[in-house]
Amino acid sequence: MLQIAFIRDNQEKVITALAKKNLDAKAIVQEIVQLDENRRSAQVELDNTLAESNKLSKDIGEMMKNGEKAKAEIVKQKTVQLREKGKDLAEKLDLLANQLTDKMYLLPNLPSDIVPFGKTPEENLNVFQEGEVPVLHDDAQPHWELVKKYDIIDFELGVKITGAGFPVYKGKGAKLQRALITYFLDKNTDAGYLEYQVPHLVNEASAYGTGQLPDKEGQMYHDATDDLYLIPTAEVPVTNIFRDVILSETELPVMCTGYTPCFRREAGSYGAHVRGLNRLHQFDKVEIVRVEHPDNSYAALDEMVDHVKDIMRELKLPYRILRLCGGDMSFASALTYDFEVFSTAQDRWLEISSVSNFETFQANRLKLRFKDKDGKNQLAHTLNGSSLALPRVMAGILENYQTPEGIVIPEVLRKYTGFDIIN
């Protein structure tokens, strides 16, 4: 979340910036500032009450030494009253602090200055495009028909076992999926990212730490018995490795990668744009996460974008990069670049990666800090990106690499699949 001192000192700036995310934040900012003033006033009153009580306690000791027992008894009664007042003030302070935190959790991160205005995905800014769109043969099909033809992904079987949005990969489809995961992880570790295997369920503190709660509560699968959440992305458990951690400045940057299945309840609409692999309840994704010095985080964001570019070039898939407008950005992001692959058979762009800088937003929630050269604790910057989300990469490969003889495997994946065509 945003830092309270920043909100207090920059109220108009916060309100103006969040208007770019299509949020009228005036009322909640004013409420936050008022709660903060009340909390600080209660803190001052509590401090003064405790200081007076401590002083009187010392005075009582002196009175007893001097034989002034009657006077000491009167002062004792006053200290009892002060202790009761202090207890009430402490409870009031806790209540105000909790109310303030709850309100601050509702305030999104401020968008970077270079984020374009806009309310819909159509207003995102195309900043880069690369790769030749292949010309397909006359009988080319979308991937949901191809997977039936070659018997490599079974959507109906997934419905039988679980429900819609839970496909079953089999045969060469399962091997291609595994090949992509291994290839992505190898690319990431070769670039200096340390691989982690993390839990697929997280507690409430972890979901709050990275900003999934309270913003995306309706999109997450929740186990009420144990109060745990199925992860929507590896970003959540990987970033939470560093919750309540103070790093030394020499440890930065921290670079992590991990593969996990991801679970989201957001699927459910109908039509060709969500058919097949286009939108799922469960899908695989390889993630990269970085913890950076604030002075280097935007250079790190550029590095992450270039890293995903390199993967797309090796897969030889046509892609473009969008700088998201304010209205299409996530709750926690300060700046996001989306990668989209062109699906030739569907004649549309499919999102396959988001690469984002959260600046101090997550770190403030996580209490993720580093000790600078002067020995002072500073909030770090956190970043994350998909490298990559598998379903739409798989869809892009199946559709763009289809030929009358079968689906050709991208050359970079063949050492992982052990075959060069699905037929």
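Fair warning: this is a prediction, and the values are worked out from it, not measured in the lab. Counting from 1, the numbers follow the sequence of the chain as shown.
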Report all side-chain donor-acceptor pairs from residues 86-108 shorter than 3.5 Å, counting only partners two or more places apart or in another chain.
unit_1	atom_1	unit_2	atom_2	d
Asn98	ND2	Asp94	O	3.2
Thr101	OG1	Ala97	O	3.0
Lys103	NZ	Glu31	OE2	3.4

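- Within the 3.5 Å criterion, the main-chain N or O of Leu2 finds no donor-acceptor partner in the side chain of Asn109.
- A salt bridge is defined here as a Lys NZ or Arg NE, NH1 or NH2 lying under 4.0 Å from an Asp or Glu carboxylate O, and Lys367 with Asp244 fails to meet this definition.
- The ring-ring contact (aromatic ring centres under 6.0 Å, His included) check on Phe184 picks up nothing, with sequence neighbours excluded.
- When the ring-ring contact (aromatic ring centres under 6.0 Å, His included) test is applied to Tyr183, no partner is found at least two apart in sequence or on another chain.
- For the atom pair NE2 of His281 and SG of Cys262, the computed distance is 14.5 Å after rounding to the nearest 0.5 Å.
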Identify all side-chain donor-acceptor contacts of residues 320-331 below 3.5 Å with residues at least two apart in sequence or on another chain.
unit_1	atom_1	unit_2	atom_2	d
Arg320	NE	Glu340	OE1	2.7
Arg320	NH2	Glu340	OE1	2.8
Arg323	NE	Tyr337	OH	3.4
Asp328	OD2	Asn124	ND2	2.9
Ser330	OG	Ser333	N	3.3

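- Here Asp310 pairs with Lys187 under the side chain to side chain donor-acceptor pair (under 3.5 Å) rule; sequence neighbours left out.
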Name every donor-acceptor pair, under 3.5 Å, that has one atom in a side chain of residues 163-175 and the other anywhere in the protein, sequence neighbours excluded.
unit_1	atom_1	unit_2	atom_2	d
Lys170	NZ	Asp151	OD1	2.8
Lys172	NZ	Ile421	O	3.1

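- Taking a cutoff of 4.0 Å between a charged side-chain nitrogen and a carboxylate oxygen, Arg313 and Glu130 qualify as a salt bridge.
- Under a 3.5 Å cut-off, the side chain of Asn10 and the backbone N or O of Lys13 do not form any donor-acceptor pair.
- Between the side chain of Arg365 and the main chain of Tyr208, a donor-acceptor pair closer than 3.5 Å is present.
- Ion pairing of Glu287 with Lys285 is present here, as a side-chain N (NZ or NE/NH1/NH2) and a carboxylate O approach within less than 4.0 Å.
- Using a cutoff of 4.0 Å between basic side-chain nitrogens and carboxylate oxygens, Lys85 and Glu45 are scored as salt-bridged.
- Atom CZ of Phe6 is surrounded by more than 12 heavy atoms from other residues, nucleotides or ligands within 6.0 Å.
- Within a 6.0 Å radius of CG in Asp113, no more than 12 heavy atoms belonging to other residues, nucleotides or ligands are found.
- Residues Thr382 and Phe242 form no side-chain contact, since every pair of their non-hydrogen atoms from C-beta on lies 4.5 Å or further apart.
- Rounded to the nearest 0.5 Å, atoms CG (Asn54) and CG (Asp59) are 11.0 Å apart.
- Looking only at side-chain heavy atoms (C-beta outward), Tyr229 and Lys216 stay at 4.5 Å or farther from each other.
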